[in-house]
Amino acid sequence: MALRQACCRGRPGRHLAGTGPVSDAPARPRRRASDAALTDWFAARGWRPAPFQREAWRRYLAGESGLLVTPTGSGKTLAALGGPLLQALALDDAPAKARRGVAAAPRLRLLWITPLRALAADTVRSMQEPIAALGVPWTVAMRTGDASARDKRLARKGLSDVLVTTPESFALMLSYPDAAQLLAGVRGVVVDEWHELLGNKRGVLLQLCLARLRGIVPAAPVWGLSATLGNLEEARDVLLPHRPDAPILQFARRRRMTLQTLLPNEGERFPWAGHLGLSQLARVAAVLQKARSSLLFTNTRSQAELWHRALQSVWLDDPKTLALHHGSLDASLRAAAEAGLRDGTVRCVVATSSLDLGVDFPAVDQVLQVGSPKGMARLWQRGGRARHRPGEAGKVICVPTHALELAEYAAARVALAHGRVESRPPLRLSLDVLAQHCVTLALGGGFEPAQLLEEVRGTHAFATLREEAWTAVLDFIVRGGGALENYPDYRRVIRDDDGCYRVHDRRVAFRHRLSIGTITSDGSVQVRYMKGGWLGSVEEAFISRLRPRERFQFAGKTLELVQLRDMTAFVRIAKAGEGRVPRWQGGRMPLSSELGAEVEAILHEPAESPEMRALQPLLDLQSRLSQLPGPDSLLVESIKTRQGWHLFVYPFAGRGVHEGLAALLALRWGREVPNTFSWAVNDYGLVLTAQSEAWPDAPLMQRLLTPEGLLDDLLASLNIAELARRQFREIARVAGLLPPSLPGRAARSLRQLQASSSLLFDVLRQHDPGHVLLAQAEREVMEAQLDVQHLKAVLTRCGERPLALRRPRSLTPLGFPLWAEAIRGQLSTEDWRTRVKRAAQQLEQRHARNA
DNA sequence: GACCTGCTGCGGGATG
């Protein structure tokens with residue numbers, strides 16, 4: 001992004017890339033770039049690279065690969081590598097030599113991969129100036145889905161010297177027969193924001209593509225740029241499996257970050273449960289008034305809509321200075337919000353993670369985080385958006401939505417001080433991605449299976465790929481597997497007489513290129529004005545419950561539904577009133593284990609902090625009624641209420657794990673004593689509610705918490721088949737079993753998609769139960785969704801710790817949010833609110849009496 | 001007087 005910061009202090013060149021004659025370029029030292037030559041070149045332009053940059057660049061010149069760790073939220077980071085790399089390439093005469101041959105000869109020298117289209121555009125922009133300064137007639141093209149026709153053409157024909165692209169577009173390049181030829185001149189690869197790809201299937205796709213590239217240009221250095229991670233060495237190994245000792249270079253020191261919490265006033269009642277935090281509206285509005293520009297981060301899209309609406313009602317400035325940004329808003333609206341921040345016409349943007357990522361806009365004066373940040377990486381990232389003076393620590397202002405979040409912030413402060421960040425575990429053996437990649441290569445000129453297997457095993461993701469799985473994948477792309485072979489649609493690849501696998505059918509080729517990539521999101525309804533103009537998308541389940549003329553709140557506006565047609569909701573601005581706010585089904589964002597452990601520790605031994613001081617009365621109540629949780633024991637509370645007999649357990653392991661744990665405990669307890677259990681979880685713990693009398697004792701708890709038989713019991717307690725059915729839809733999409741929606745045609749509804757994927761699932765289960773993708777779906781449920789490894793570790797730890805079994809006379813502060821969560825499913829929202837409110841008041845009264 | 005959970009990211013091509 002900010003390439004120019006590092007490499008453009010020199011005299012601007014006379015020629016823009018690609019426009020000037022070669023002979024006019026400033027004299028270049030010599031044909032082969034050397035360290036000394038570069039030093040001279042930089043010195044002549046008054047540019048002094050930082051030591052780590054010099055090191056990165058020296059290593060690059062030596063043909064090495066590596067990982068460059070750069071602080072989050074700093075635009076300068078790209079300069080770290082991009083500058084030296086461009087210089088080195090420019091000093092090397094080879095590109096000019098290549099051009100002296102046939103005019104159409106591929107010139108591609110540098111491949112730059114970023115996970116975001118917007119980042120690609122920024123990168124291209126920032127490269128223009130340094131390249132002009134170098135005085136080389138280079139073309140930089142962007143190859144992404146939204147690139148211009150010119151750029152696409154340049155990329156397609158290999159006529160650009162530098163190509164900035166996404167993993168998906170890179171894969172697409174490989175689907176053309178001339179890919180090897182186009183990439184043959186590549187002399188360097190940069191993978192930007194590698195941490196964003198490391199832990200997901202996009203990263204797996206990129207690993208495969210890079211392995212292919214290594215097959216074409218084995219010597220080309222590959223450099224990753226990554227934010228700090230808990231598993232940097234692993235990140236390096238995944239990117240560079242062929243260079244186990246590649247260097248990890250650290251960008252100077254990370255910026256310090258501090259945290260401030262908007263605390264409740266003395267004596268103020270503060271919610272014990274809830275996630276919205278609107279009770280803090282006045283305080284937040286006051287904080288926003290004080291700064292010129294702010295970002296207010298929320299955790300969910302509907303929360304962002306609600307906060308935007310609430311702020312609007314108290315906003316003193318021009319309403320236009322308050323903007324909204326989340327992933328379901330149309331790109332144009334998001335771009336408008338970003339532009340507003342850039343030109344100063346917007347003072348505050350309410351945003352979700354859509355603004356976490358690296359889009360280039362100037363830092364804002366302050367960053368606020370509503371509710372739990374859930375993990376340290378997110379907090380670093382969001383905090384990095386704030387403007388800092390050099391040497392000054394960054395700051396995040398935290399807005400608690402319920403009392404216990406105060407502890408979370410106090411814990412986060414400790415973790416920030418220690419510079420802790422989560423790991424991103426890389427995926428392994430995603431056979432759906434492998435199947436897609438194989439079809440891509442079959443399309444891109446074909447592949448020889450033994451050779452490809454070796455190449456694929458050269459990646460981190462498939463290093464342990466077994467022969468059977470490989471054969472199954474090949475079988476799958478050739479005939480869809482046993483049950484599907486009668487359907488021509490699934491016979492995509494043909495094994496030719498020479499033993500090579502190729503695609504011959506043009507329709508298959510077309511459909512495959514349309515469905516390249518691993519991001520699946522289907523079944524959303526586009527929202528647009530009657531007069532034209534797109535607003536974004538909402539979920540079918542939400543909009544289909546609205547009647548025409550009914551109002552709803554979306555994109556920061558009150559809209560009126562006119563009609564719903566072809567997966568498009570036509571709307572107009574409503575005259576008055578407020579409407580319902582859409583909800584989206586998204587990721588679950590559990591509290592990270594790092595932060596969870598920190599919370600547990602701080603509750604046990606409250607460090608001196610404003611948050612813990614504010615929380616003290618609540619902690620006192622917790623100790624009085626029961627006891628404080630802590631790392632040295634496992635707190636278990638059992639209580640009888642009108643709803644039944646509750647068992648509260650607090651492992652502080654995050655929602656995902658608690659979900660599995662709750663199901664497990666319910667099953668095991670039910671086995672011992674016939675009873676009916678329901679359960680609810682949050683990030684701190686879980687509650688089981690029994691219909692008949694049930695009091696746990698220590699031996700029972702030990703039996704419930706044994707790691708023995710975990711897998712079998714999990715399989716029995718959760719409807720794994722049903723979970724796998726849902727997981728299968730994504731896998732089937734990635735593997736190419738579901739037809740992509742064609743551009744220009746109405747999107748298929750979620751119901752249709754579910755029907756076709758569900759049907760496939762059933763057919764396969766019945767006729768081909770060993771199908772490679774079914775196994776994949778089950779594995780993903782166990783690993784990704786239930787996080788069995790983590791669950792097992794948590795269970796083991798629970799079993800090892802001495803049990804603190806308490807029977808408090810009323811709900812405790814820790815138990816209350818879980819209890820509220822448990823009865824939420826049973827009651828209407830209105831009843832639930834009343835009930836929770838009454839209960840909270842009773843508890844407080846009792847608390848006041850006893851105090 | 002309230003105490004509404006569920007993020008993000010990508011992607012076509014032949015023809016005029």
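Throughout, protein chains are lettered first and strands after them, A, B, ... in sequence-line order, and every chain is numbered starting at 1.
Between A/Leu329 atom CG and B/dC7 atom C1' the separation is 13 Å, expressed in whole Å. For the pair A/Asn200 CG and B/dC10 C1', the interatomic distance rounds to 11 Å; values are reported in whole Å. Rounded to an integer number of Å, the gap from A/Leu206 CG to B/dC10 P is 14 Å. Counting to the nearest Å, the C1' atom of B/dG11 and the CG atom of A/Leu738 are 16 Å from each other.
Regarding contacts with the backbone of B/dG9, every side-chain N or O of A/Thr518 stays at 4.0 angstrom or more from both OP1 and OP2. Proximity of A/Arg301 to the phosphate of B/dT8: a side-chain N or O atom is located under 4.0 Å from OP1 or OP2. Under 4.0 angstrom from either OP1 or OP2 of B/dC4 there lies no side-chain N or O belonging to A/Ser302. Under 4.0 angstrom from either OP1 or OP2 of B/dG6 there lies at least one side-chain N or O belonging to A/Arg583.
Of the residues A/Arg301, A/Glu305, A/Arg334, the one that meets the side chain to side chain donor-acceptor pair (under 3.5 Å) test with A/His326 is A/Glu305.
For A/Ser353, taking side-chain heavy atoms from C-beta onward, the closest of the listed nucleotides B/dC3, B/dC7, B/dC10 is B/dC7. Distances from the side chain of A/Glu168 to the nucleotides B/dG6, B/dC3, B/dG11 place B/dG11 closest. Relative to the side chain of A/Leu514, the nucleotides B/dT5, B/dT8, B/dG12 differ in distance, and B/dG12 lies closest. Side chain of A/Arg506, nearest nucleotide from B/dA14, B/dC7, B/dG12: B/dA14. Each of B/dG9, B/dA2, B/dG6 was ranked by its minimum atom distance to the side chain of A/Ser354; first place goes to B/dG9. With B/dG12, B/dT8, B/dC10 as the candidates, the nucleotide lying closest to the side chain of A/Arg143 is B/dG12. The side chain of A/His275 approaches B/dT5 more closely than any other nucleotide in the set B/dT8, B/dT5, B/dC10. Checking B/dT5, B/dG11, B/dT8 against the side-chain heavy atoms of A/Arg733 singles out B/dG11 as nearest. Taking the side chain of A/Lys152 as heavy atoms from C-beta on, and the options B/dC7, B/dG12, B/dA2, the nearest nucleotide is B/dG12. Each of B/dG12, B/dG1, B/dC10 was ranked by its minimum atom distance to the side chain of A/Phe510; first place goes to B/dG12.
Within 4.0 Å of A/Thr352, counting heavy atoms only, lie sugar-phosphate atoms of the nucleic acid but no base atom. Within the 4.0 angstrom heavy-atom criterion, base atoms lie near A/Gly587. Using a 4.0 Å heavy-atom cutoff across all strands shown, A/Gly517 reaches no nucleic acid atom at all. Counting non-hydrogen atoms under 4.0 angstrom, A/Leu172 reaches the backbone sugars and phosphates but no base. Among the heavy atoms of the strands lying under 4.0 Å from A/Thr144 are primed sugar atoms or P, OP1, OP2 only; no base atom is included. No contact: A/Arg424 has no heavy atom under 4.0 Å from any strand. Note on A/Gln585: only backbone sugar-phosphate atoms sit closer than 4.0 angstrom, heavy atoms only; bases stay farther off.
Between A/Phe554 and A/Phe552, the ring-plane angle classifies as parallel under the 30° and 60° cut-offs.
In plain terms, the two heavy atoms of A/Gly371 and A/Asn299 that are nearest each other are C-ND2, 4.4 Å. Taking all atoms of both residues into account, the shortest heavy-atom contact from A/Ser175 to A/Ile516 is CB-CD1, 4.5 Å.
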### Task
For side chain to side chain contact (heavy atoms under 4.5 Å, CB included), just list the numbers for A/Lys201 and A/Ile731, CA-CA rounded to whole Å, side-chain angles, deciding distance to a tenth of an Å, and then say yes or no.
CA-CA 11 Å; A/Lys201 287 189 182 176; A/Ile731 289 171; 4.0 Å; yes
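The aromatic ring centroids of A/Trp679 and A/His658 lie 6.0 Å or more from each other.
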